[in-house]
Q: 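Quick one: this structure, given as structure tokens, is what I'll be asking you about.
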Amino acid sequence: MLIEGRTGSWEIVVGLEVHAQVISNAKLFSGSSTAFGGEPNTQVSLVDAAMPGMLPVINEKCVEQAVRTGLGLNAQINLVSVFDRKNYFYADLPQGYQISQFQQPIVGEGVVTVDMPDGSVKEIGIERLHLEQDAGKSIHDQHPSQSYIDLNRSGVALMEIVSKPDMRSPDEAAAYLTKLRAIVRYLGTCDGNMAEGSMRADVNVSVRKPGDAFGTRCEIKNVNSIRFVKQAIEIEARRQIEIIEDGGSIDQETRLFDPNKGETRPMRSKEEAHDYRYFPDPDLLPLVLPESLVAEIKASLPELPDEKKARFIDHYGLRPYDAAVLVAEQEKAAFFEEVVGTADGKPKRDPKMCANYVTGDLFAALNKAGKEITESPISAEQLGGLIDLIADDTISGRIAKQVFEDMLESGKDAAIIVEEKGLKQVTDTGAIDAEIDKVITANQDKVEQYKGGKDKLFGFFVGQVMKATGGKANPAMVNEMLRKKLDG
Ligand code: ADP
Ligand code: MG
């Protein structure tokens, strides 16, 4: 995407550093619980509180989760990695350093394929993934003059997933985050819940004239929704363009996005820039993984979004866009497959019609009601039942829409609604014939005009007959019989 400035077009360059909280019952180096929403300071061991003499012990589960994520990102798994101390002082960091990985992360380069809304795909490079501890939380709004510290989060395992500066628009960044979240959810390594802070992004933005070298970037810290990531990129890019076009230059700095004011502003400037004095943590040996462990984890990976998408296109003949929409969440994909069903290893119902109903009518209804697919008022089986009624011509596609609305409201099966409301399609030629005759008699003037060459009127006659039968006449039959009567 190019942005027009006063001096011509500009290209946006974006790289994301995503912090993803590892799904694990215990913290990275202690046995304390990681459950969300506990009373402050009830999930804190002596290690997490950094009492003198306490020693960290690596949680194998967290290591496995990082490897699993690395494999899901098609990335290099490093059999030897090193934990370093990243030193800084902050009230919510009792150790005075965060245990992280610097030069030798557990996961190296990888790639994520993102699906753009126009159906195209783009590959975004992964630079690295490393394991690190989360810090505690400062609470400033509980007392007029004091701050409180909650250490429940202190020591919880995070994966920092660093992308290459491969994104070129807010939409690409959003698509990348969406895909990354889908992958970690499929893998079961992070719940991807941005509202609860289990996934947050540091957004690096720079601008350049197309073809030029990369410009100086600013890093917008801790953005906690995909919508905000898009807004922050757009606003930050425009700010940078304005400065450069005014003859200024960009300072590499850390900024904060304020969604209320619609601006980014500096958090720290260069003078206070951190020098973390990284060095290997002497309390921890290098982490050495047996190859067999990596192989074992690889063998246990589920079908990931890209593979599922390919299968949906191949096996069900879906359009790539519909397939991408369906595989975005495992539960949506499973719902679709249940609607289609299988008979003799083949799709039981027309997959395209099922995909249209699921991604169209159903998703729209769920969206409107603010519900997840798992809370759908119409079960997959019920939706399948509705589609069967269309397929065997019991009802027309148009009546089906009406039945669908009724199912949403009442939770009843389609067949029962059709029975109760007498919505069965009229396929009796005699009945349709009678209605056609009535319509022709009542509209002699229009019949003359039609015969005189006003072809467009044909639709009018179809509409009248459909109306007369309460929309229940089989539309194909109405068309055919009308043609015979009017043209014959
Ligand atoms: P640091 O460790 O100082 O944060 P990195 O080189 O690891 O620096 O880069 C951090 C992030 O910044 C990466 O996601 C990378 O893709 C992104 N990035 C690097 N250069 C640029 C640039 N010129 N414009 C936008 N993003 C960039
Ligand atoms: Mg950084």
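These numbers come from a predicted model, not from an experiment.
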Q: Show the atom names and distances, to 0.1 Å, of all donor-acceptor pairs under 3.5 Å that link a side chain in residues 62-73 to residues at least two apart or in another chain.
A:
residue, atom, partner, partner atom, Å
Q65, NE2, I23, O, 2.8
Q65, NE2, G188, O, 3.0
R68, NE, L187, O, 2.9
R68, NH1, S300, OG, 3.0
R68, NH2, L187, O, 3.3
T69, OG1, Q65, O, 2.8
T69, OG1, T189, OG1, 3.0

Q: Would you please name every residue forming a salt bridge (charged side-chain N to carboxylate O under 4.0 Å, His left out) with K122, sequence neighbours left out?
A: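 In terms of salt bridge (charged side-chain N to carboxylate O under 4.0 Å, His left out), with neighbours along the sequence ignored, K122 is linked to E172.
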Q: Take L131 and F83 through the test side-chain contact (heavy atoms from CB on, under 4.5 Å) and record every step on the way to the result.
A: CA-CA 8 Å; L131 276 169; F83 284 103; 4.0 Å; yes
Q: Looking only at side-chain N and O atoms, does S81 offer a donor or acceptor that is under 3.5 Å from a partner on N78?
A: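 The answer is no; no qualifying pair exists.
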Q: Less than 3.5 Å apart, any donor N or O on the side chain of E303 or Y186 sitting next to an acceptor on the other?
A: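 No.
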Q: Do any pairs count as a ring pair (Phe, Tyr, Trp, His ring centres under 6.0 Å) and have a residue in residues 359-384, sequence neighbours left out, and if so which ones?
A: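 Applying ring pair (Phe, Tyr, Trp, His ring centres under 6.0 Å) to every pair that reaches into residues 359-384, excluding sequence neighbours, yields nothing.
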Q: Establish, from distance only, whether the side-chain atoms of S32 and D48 form a donor-acceptor pair under 3.5 Å.
A: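 Indeed, the side chains of S32 and D48 share at least one donor-acceptor pair under 3.5 Å.
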Q: If you look only at distance, which donor and acceptor atoms sit under 3.5 Å apart when one is on a side chain in residues 103-120 and the other is two or more places apart or in another chain?
A:
residue, atom, partner, partner atom, Å
E109, OE2, K164, NZ, 2.7
D115, OD1, K309, NZ, 2.7
D115, OD2, K179, NZ, 3.3
D118, OD1, S120, N, 2.8
D118, OD1, S120, OG, 2.6

Q: Hey, can you tell me if Y276 and Y88 have their rings parallel, tilted or perpendicular (30° and 60° cut-offs)?
A: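 Aromatic pair Y276/Y88 classed perpendicular.
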Q: Got a sec, which residues hit salt bridge (charged side-chain N to carboxylate O under 4.0 Å, His left out) with D92, two or more places apart in sequence or on another chain?
A: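 So D92 forms no salt bridge (charged side-chain N to carboxylate O under 4.0 Å, His left out) with any residue.
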Q: Using modelled atom types only, decide if a donor and an acceptor are shared between the side chain of R128 and the backbone of F102 within a distance under 3.5 Å.
A: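 Yes, the answer is positive, given that a donor and an acceptor are paired below the 3.5 Å cut-off.
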Q: So, T264 versus R255: side-chain donor-acceptor pair below 3.5 Å or not?
A: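 Yes - a donor-acceptor pair under 3.5 Å links their side chains.
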Q: Go through E11 and R168 one step at a time and tell me if the salt bridge (charged side-chain N to carboxylate O under 4.0 Å, His left out) criterion holds.
A: CA-CA 7 Å; E11 184 176 52; R168 295 289 176 270; 3.8 Å; yes
Q: With sequence neighbours excluded, tell me which residues meet ring pair (Phe, Tyr, Trp, His ring centres under 6.0 Å) with F404.
A: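 So F404 forms a ring pair (Phe, Tyr, Trp, His ring centres under 6.0 Å) with Y357.
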